[in-house]
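Chain A is the first sequence line, chain B the second, and so forth, proteins listed ahead of strands; every chain is numbered from 1.
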There are 2 protein chains.
Amino acid sequence: MLTIGQLAATAGVTVRTVRHYHHVGLLPEPERDASGYRRYNAQAAVDLIRIRTLADAGVPLARIDALLHAQPAEFAAAVTDIDAALQRKIDQLTEHRRRIADLASGEALVLPHEVVANLNRMRDLGASERMVRLERDVWILMQALDPDSMPQAIRDKTASFDDPETTRLFLAIDQSLDWDPHDPRVDRLIDDLDAWEIAHERDSSQPENPTLFFSLIVEESPAWQRILDVLAHRAKQRRTAV
Amino acid sequence: MLTIGQLAATAGVTVRTVRHYHHVGLLPEPERDASGYRRYNAQAAVDLIRIRTLADAGVPLARIDALLHAQPAEFAAAVTDIDAALQRKIDQLTEHRRRIADLASGEALVLPHEVVANLNRMRDLGASERMVRLERDVWILMQALDPDSMPQAIRDKTASFDDPETTRLFLAIDQSLDWDPHDPRVDRLIDDLDAWEIAHERDSSQPENPTLFFSLIVEESPAWQRILDVLAHRAKQRRTAV
DNA sequence: GCTTGACCTTGACGCTACGTCAGGGTTGGA
DNA sequence: TCCAACCCTGACGTAGCGTCAAGGTCAAGC
């Protein structure tokens with residue numbers, strides 16, 4: 001007669017594993033001796049070894065019992081089924097590895113290379129890290145909410161760096177984030193931006209749902225709360241006038 | 001401001017997922033409105049999307065927070081580390097698939113082909129299913145406890161089928177399992193087996209720890225309890241005489 | 001004003017296969 | 001008699017949420 005430790009050693013598992021199999025009903029509870037110790041016979045050792053043979057092959061515990069008593073045809077079907085499940089998991093993990101490989105740097109985080117290049121160009125132009133992060137977050141939101149408009153938006157943005165006036169405004173925006181909303185410089189910036197919008201009205205393709213983009217910026221800066229409000233108001237007036 | 005459902009939809013996850021991230025501290029709890037509802041700003045949406053980008057790539061949740069704030073060098077190191085962990089899992093599952101493929105039939109369960117062939121030959125000779133199962137279990141035990149002696153044991157067993165007397169005894173053993181221990185046929189069988197043992201004493205390489213094998217048989221048959229006892233007694237006397 | 005359906009809240013169990021204490025009794029050899 | 005090594009039950013932890021349960025809130029239609 002074997003104790004639980006001897007049985008476990010025979011099958012190459014831990015004592016906890018044997019008790020777990022009792023708990024889930026995979027291996028029947030044996031008789032107890034006078035002190036309450038479990039006592040196993042040789043058949044239990046054989047049963048446990050057969051269970052481990054399947055478990056070591058990745059068969060879920062819940063299916064092992066049925067498999068041990070299955071006819072060859074059922075057995076083969078179940079094995080095929082389990083093999084397919086294993087393959088699915090492997091495919092999933094392989095996909096994870098592919099994606100992990102794309103995560104070259106923390107900032108990139110699967111943003112297109114052109115966007116990362118644009119962000120770096122912003123840094124070269126003297127933009128603050130805060131502005132770069134804000135811009136990055138806008139791109140992240142856009143990719144999640146409106147991925148179809150990404151290619152055009154990227155082209156527009158890249159082209160904008162070739163226009164000195166746009167670049168100048170961009171840097172002014174960066175500076176203005178910390179201004180008081182009623183700083184007179186804010187009013188001058190609004191005028192400049194309004195003029196710029198009129199000049200570039202042809203390609204004013206708004207995102208589908210601009211609310212989140214706006215709030216992302218507004219959350220960062222009270223001045224920009226006012227700037228966006230005033231600009232929206234003026235644009236509305238223009239449309240009404242027409 | 002977004003409700004939890006809107007936030008979840010924005011990032012393509014379930015509400016439960018967002019709450020889970022709050023619970024583990026991955027995403028900070030936002031302000032509540034008058035009725036106790038969570039209210040999120042756009043930054044929360046960006047944060048959640050960044051979290052999911054990593055999670056979708058198989059990064060464990062516990063490591064995501066550190067990764068989001070990591071410098072490029074740390075980030076690259078962590079990514080390499082996580083990639084290696086994924087590869088280990090893939091290798092493990094691949095090994096499972098290899099083993100699963102070996103489980104051609106329930107009876108085989110990774111017993112060597114020669115053993116399965118022997119079991120089938122036993123059936124052909126007229127052995128009962130019970131005897132076949134008993135023999136199979138002995139092989140299973142031997143493979144677990146004393147795999148080194150398997151090849152020789154298999155050769156011996158295979159050869160034994162070519163000896164008519166051994167085969168006759170084997171079938172007699174099968175019959176005897178259900179006999180009463182004091183049936184006179186048991187005594188004649190003991191004499192026959194004793195004579196056989198004497199004739200084959202040269203290759204009596206006992207297994208290292210025969211206890212489990214004996215008990216496997218004894219558990220099945222009271223008659224065999226007596227047979228093994230008597231045979232062991234006689235063998236001991238012979239050794240003493242020498 | 002009332003109903004109804006969709007949405008929100010917290011709390012808690014379930015899943016997989018055990019690992020790992022905690023707290024306490026049993027055995028066997030020195 | 002002591003001590004190490006073993007046994008017992010009970011319960012929490014793991015990873016990442018899914019899925020009730022039981023109840024409050026909101027917005028729209030009647």
Of the listed nucleotides dA17(C), dT10(C), dC18(C), the one nearest the side chain of Pro60(A): dA17(C)
Reported CD-to-CD distance for the pair Gln225(B) and Glu219(B), which is rounded to 0.5 angstrom: 10.0 Å
Check: Tyr37(B) side chain, dG24(D) base, donor-acceptor under 3.5 Å: yes
Phosphate contact (dC8(C) OP1 or OP2) by Thr3(B) side-chain N/O below 4.0 Å: yes
Whole-Å gap separating C1' (dC18(C)) and CD1 (Ile51(A)): 14 Å
Nucleotide dC8(D), atom C1' - distance to OH of Tyr40(A) in whole Å: 11 Å
Ile64(B) CD1 - dC17(D) P separation (whole Å): 8 Å
Protein-nucleotide distance (Asp65(A), atom CG; dT16(C), atom P), rounded to Å: 15 Å
Sugar-phosphate, base or nothing in reach of Arg32(B), heavy atoms under 4.0 Å: sugar-phosphate
Inter-residue atom distance Arg38(B).CZ - Arg32(B).CZ, 0.5 Å rounding: 4.0 Å
Below 4.0 Å: OP1/OP2 of dG11(C) and any side-chain N or O of Arg16(B): no
Rounded distance in Å - CG (Leu26(B)) to P (dA15(D)): 14 Å
Carboxylate-amine/guanidinium contact Glu95(B) Arg99(B), below 4.0 Å: yes
Touch class at under 4.0 angstrom, heavy-atom based, for Arg52(A) against every strand present: sugar-phosphate
Distance, rounded to the nearest Å, where His20(B) contributes NE2 and dA12(C) contributes C1': 15 Å
Selected nucleotide, minimal atom distance to Ile4(B) side chain, candidates dC8(C), dC7(D), dT26(C): dC8(C)
Separation of atom CD1 in Ile82(A) from atom P in dT16(C), rounded to whole Å: 13 Å
Salt-bridge contact Glu197(B)-Arg234(B) (side-chain N to carboxylate O under 4.0 Å): no
Asp33(B) vs Val59(B), nearer the 5' end of DNA chain D by closest nucleotide: Val59(B)
Sugar-phosphate only, base, or nothing, as touched by Arg19(A) at under 4.0 Å among non-hydrogen atoms: base
Rounded distance (Å) that lies between atom P of dC7(D) and atom CD of Glu29(A): 14 Å
Options dC7(C), dG16(D), dT26(C), nucleotide nearest the side-chain atoms of Ser35(A): dT26(C)
Residues, nucleotides or ligands: over 12 heavy atoms within 6.0 Å of Lys89(B) NZ: no
Tyr21(A) side-chain N/O to dC18(C) phosphate OP1/OP2 under 4.0 Å: yes
dG19(C) phosphate, OP1 or OP2, under 4.0 Å from Thr14(A) side-chain N/O: yes
